[in-house]
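See below for the structure under consideration.
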Amino acid sequence: MRVKIESTGGFSGTEMMVAKYDTDELPKEQADRVREAVERLSEDDGATSPGEIGADLPSYRITIGDPDDDPKVFEICGERSEERDALLATLLQGPAEPKERPEEAARRESPPSPSGL
């Protein structure tokens, strides 16, 4: 299955491809993670309904398909949810298991700032 994710909307109204890959070229575990994320996002009620309306709201257009089939296209837009964000992160960060960034670990271990931020 080929997967292409494009960022659309936002203040500039531009469209930009943010990820593209083919599950046939991935190790099975990674391909399964991508397939599951795509399947769950495509079944999400917010995947096809616009939710909030506004040209400045970012959204993602996800195109999936196989070489022999017509592509299926759906958009993720509107209100955010923790589950939807996690599924999108799987697709946007790539199919590999996400790894913690060094700056995130340092931020967690550092003492809180005097301003509380």
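We use all heavy atoms of the structure for the numbers below, so side chains are in, but hydrogens, waters and symmetry mates are not. Positions are given from 1 along the sequence.
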Ile62 and Val73, any side-chain heavy atoms less than 4.5 Å apart: no
Taking all non-hydrogen atoms of both residues into account, name the closest pair between Val3 and Ile5 and its distance. CG1-CD1, 3.6 Å
Minimum heavy-atom separation for Glu6 and Thr63, please, with both atom names. OE1-OG1, 4.4 Å
Non-neighbouring partners of Asp85 that pass side-chain contact (heavy atoms from CB on, under 4.5 Å), sequence neighbours left out: Arg80
Sequence-distant partners of Asp70, side-chain contact (heavy atoms from CB on, under 4.5 Å), two or more places apart: none
Shortest non-hydrogen contact between Thr23 and Arg35, atoms and distance: OG1-NH2, 3.3 Å
Here the gap from Arg2 atom CZ to Ile64 atom CD1, rounded to the nearest 0.5 Å, amounts to 13.5 Å
Does any non-hydrogen side-chain atom of Lys4 lie less than 4.5 Å from one of Met17? yes
Does the side chain of Tyr60 reach to within under 4.5 Å of the side chain of Leu88, using non-hydrogen atoms? yes
Please evaluate residues Glu83 and Leu87 with respect to the criterion side chain to side chain contact (heavy atoms under 4.5 Å, CB included), reporting the C-alpha separation (whole Å), side-chain torsions for both, the decisive distance (0.1 Å), and the verdict. CA-CA 6 Å; Glu83 179 184 12; Leu87 294 169; 4.1 Å; yes
Sequence-distant partners of Glu39, side-chain contact (heavy atoms from CB on, under 4.5 Å), two or more places apart: Glu43
Heavy atoms, side chains only, cut-off 4.5 Å: are Leu91 and Leu41 in contact? yes
Going through the distances and angles, do Arg84 and Ile76 end up as a side chain to side chain contact (heavy atoms under 4.5 Å, CB included)? CA-CA 9 Å; Arg84 187 187 292 175; Ile76 302 296; 3.2 Å; yes
Closest approach of Thr90 and Arg33, non-hydrogen atoms and distance? CG2-CG, 3.6 Å
